[in-house]
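In what follows, every chain begins at residue 1, and chains take the letters A, B, ... in the order their sequences are listed.
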2 protein chains.
Amino acid sequence: MARPRQFDEEQVIRAVRDQFWDAGYAATSLEDLVRVSGLGKGSLYGAFGDKHRLFLKALREYTDTSGGYLREMLTSAPRALDALRAFVMAPANDPGGAAARRGCLMANSTYELATSDPDVLAEARRTYEATTALVAESVGRAQDEGDLPRDVDPVETARALLAAQQGLVFMGRTGLDIDTLTATARTLAAKLLPDG
Amino acid sequence: MARPRQFDEEQVIRAVRDQFWDAGYAATSLEDLVRVSGLGKGSLYGAFGDKHRLFLKALREYTDTSGGYLREMLTSAPRALDALRAFVMAPANDPGGAAARRGCLMANSTYELATSDPDVLAEARRTYEATTALVAESVGRAQDEGDLPRDVDPVETARALLAAQQGLVFMGRTGLDIDTLTATARTLAAKLLPDG
DNA sequence: CGTTTGGTGGACCGACCGGTCAACAATTGC
DNA sequence: GCAATTGTTGACCGGTCGGTCCACCAAACG
């Protein structure tokens, strides 16, 4: 009874997400969004609401996708300890260093908006807690597998690992060269995940 | 031969710095800067140049000031190991949690602008390298004092400590409660600075 | 005290911002 | 094929942006 959409909604969200990722929220204009999405302003508004709502949708797409990757990475490794090492090293796993300089969209958004935007703050907390829980689960598994001592609290260890990882993301954003970043990641992994 | 300035330049820079600190670069308008500085637009331009230059000046004021604090903190402690612990714990040393939520101006600026603004990137690298050198010096001192093992590289350890600290800053920005932040800081300090 | 010099501040500018809307196009049900 | 409905588009809107300019003014000097 009506005209069907002429675009792939997920594809548009991904393009918009990349734009916000590269330039940040405030520095991305509606014209930028029109350009990368290939849609007109009206279509964008009709389908996704205003800039803020569109941003939240893109952010959610990002957290869902990377949360999925994380879950897969943590659960697919034969040994949980190896997965935890890979988790900490992740910010340095970037041959060209391009992704490291781009950073993590959730972290970027937290730094830019969390103090003034309750929705972004809520998404940051949600993501942070989900990630902590996922990592803590793997810490527990590593304990069960005899690779980590029993006397540490999995959740506390997970928080320390997450902090270390985010610190590495920050160092990547300062343009630190990839070799130094890798070395630092290795040092952190060795200190926080002993027994290997 | 001419009319003298009617304002204290340093006081204006500090007010401007706080505004950028609270709201970020893009989200701060010239009107905001006029309000917090108490000056007219013309005076602001005459004295400091355009918004970007004013921002760089405020950023430099911040890095100079906090660099000075850091140097004092690291050198005044009787034992270098204690100073290093305090360095890692710093992001959690904030009773109300307000400063933690505000974060670090240099980190905020890096996340918002480093990918697009070469001046900010350069300042980030400069600060990062200076901080690493300062911390590495204290690591060396802690080794001399017999509080840290001799077999670790001071610079590599300094980078790991800096990453841990910045990771804690990030967690503070997500609104993580201060007790949990403190506990995580303690965990990181214990793992990265053993022998205590 | 008058002239000169530079500081001050707000009116003003063009550009661009996010957002709206009406005319038009494509599809469906009858 | 025609009416109804929804998607699409870009011209257009008021507001705000960063930045400029100039009339005014306070201090310094002869």
Side-chain angles (χ1 to χ4, degrees), chain A residues 1-60 108-109 112-113 115-120, chain B residues 1-60 108-109 112-113 115-120:
Chain A
M1 188 141 87
R3 186 178 171 180
R5 292 257 167 89
Q6 289 189 333
F7 58 91
D8 179 337
E9 189 162 326
E10 287 195 11
Q11 193 175 326
V12 166
I13 288 289
R14 279 195 297 266
V16 162
R17 181 244 299 155
D18 287 342
Q19 171 61 35
F20 282 127
W21 200 347
D22 285 331
Y25 179 76
T28 292
S29 70
L30 276 189
E31 205 186 325
D32 292 329
L33 297 173
V34 164
R35 183 171 36 80
V36 301
S37 69
L39 273 62
K41 282 192 185 183
S43 300
L44 224 43
Y45 270 78
F48 305 106
D50 64 13
K51 186 188 178 187
H52 185 246
R53 257 136 90 98
L54 180 53
F55 175 72
L56 290 178
K57 244 170 199 139
L59 187 56
R60 180 59 75 108
N108 298 356
S109 307
E112 183 182 356
L113 302 168
T115 45
S116 60
D117 187 331
D119 295 323
V120 171
Chain B
M1 188 140 82
R3 186 176 172 183
R5 292 260 166 86
Q6 290 189 333
F7 58 91
D8 179 337
E9 190 162 327
E10 288 196 11
Q11 192 175 326
V12 166
I13 287 288
R14 278 195 298 266
V16 162
R17 181 241 304 153
D18 287 343
Q19 171 61 35
F20 281 127
W21 201 346
D22 285 331
Y25 179 76
T28 292
S29 69
L30 276 190
E31 205 187 326
D32 292 329
L33 297 173
V34 165
R35 183 170 37 80
V36 302
S37 68
L39 273 63
K41 282 192 184 183
S43 303
L44 224 42
Y45 270 77
F48 305 104
D50 65 12
K51 186 189 178 186
H52 185 246
R53 261 139 87 105
L54 181 51
F55 175 73
L56 290 178
K57 249 175 195 131
L59 187 56
R60 180 58 76 108
N108 298 356
S109 306
E112 183 183 355
L113 302 168
T115 45
S116 60
D117 187 331
D119 296 322
V120 171

Which side-chain N or O atoms in residues 36-43 of chain A pair as donor and acceptor under 3.5 Å with protein atoms at least two apart or in another chain?
{"residue": "A:S37", "atom": "OG", "partner": "A:L33", "partner atom": "O", "Å": "2.8"}
{"residue": "A:S37", "atom": "OG", "partner": "A:V34", "partner atom": "O", "Å": "3.3"}
{"residue": "A:S37", "atom": "OG", "partner": "A:L39", "partner atom": "N", "Å": "3.1"}

Task: Contact list for DNA chain C against residues 19-33 of chain A - heavy-atom distance below 4.0 Å - done: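 Only A:T28, A:S29, A:L30, A:E31 qualify.
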- [ ] To the nearest Å, give me how far apart CG (B:D8) and P (C:dG7) are.
- [x]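 Going from CG in B:D8 over to P in C:dG7 covers 16 Å.
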TODO: Using atom CZ of A:R3 as one end and atom P of C:dT27 as the other, report the distance to the nearest whole Å.
DONE: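 That distance rounds to 7 Å.
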Task: Verdict with reasoning, A:F48 to A:I13, per side-chain contact (heavy atoms from CB on, under 4.5 Å) - done: CA-CA 9 Å; A:F48 305 106; A:I13 288 289; 3.8 Å; yes
TODO: Side-chain contact test, heavy atoms from C-beta onward, threshold under 4.5 Å: evaluate it for A:R14 versus A:R17 and give yes or no.
DONE: yes
Open item on the list: Are the side chains of B:D117 and B:H52 in contact, using a 4.5 Å heavy-atom criterion?
Closed with: yes
Open item on the list: Heavy atoms from C-beta onward define the side chain here; which of C:dT8, D:dA27, D:dT6 lies closest to that of B:Q6?
Closed with: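 Side chain of B:Q6 sits closest to C:dT8.
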- [ ] Compare the minimum distances between each of D:dC12, C:dA11, D:dA26 and the side chain of B:K41, then state the nucleotide with the smallest one.
- [x] C:dA11
Task: side chain to side chain contact (heavy atoms under 4.5 Å, CB included) partners for B:R35, two or more places apart - done: B:Q19, B:D32
Task: Shortest non-hydrogen contact between A:T28 and A:A23, atoms and distance - done: OG1-CB, 3.6 Å
- [ ] With a 4.0 Å heavy-atom cut-off, tell me which residues in residues 42-55 of chain B come close to DNA chain D, sorted by residue number.
- [x] B:G42, B:Y45, B:D50, B:K51
- [ ] Please name all residues satisfying side chain to side chain donor-acceptor pair (under 3.5 Å) with A:D119, sequence neighbours left out, ordered by chain then number.
- [x]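 Counting only residues at least two positions away or on another chain, A:D119 forms no side chain to side chain donor-acceptor pair (under 3.5 Å).
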TODO: Could you note down all residue pairs passing ring-ring contact (aromatic ring centres under 6.0 Å, His included) where residues 14-33 of chain B supplies at least one of them, sequence neighbours left out?
DONE: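 Applying ring-ring contact (aromatic ring centres under 6.0 Å, His included) to every pair that reaches into residues 14-33 of chain B, excluding sequence neighbours, yields B:F20-B:Y25, B:F20-B:F55, B:W21-B:Y62, B:Y25-B:F55.
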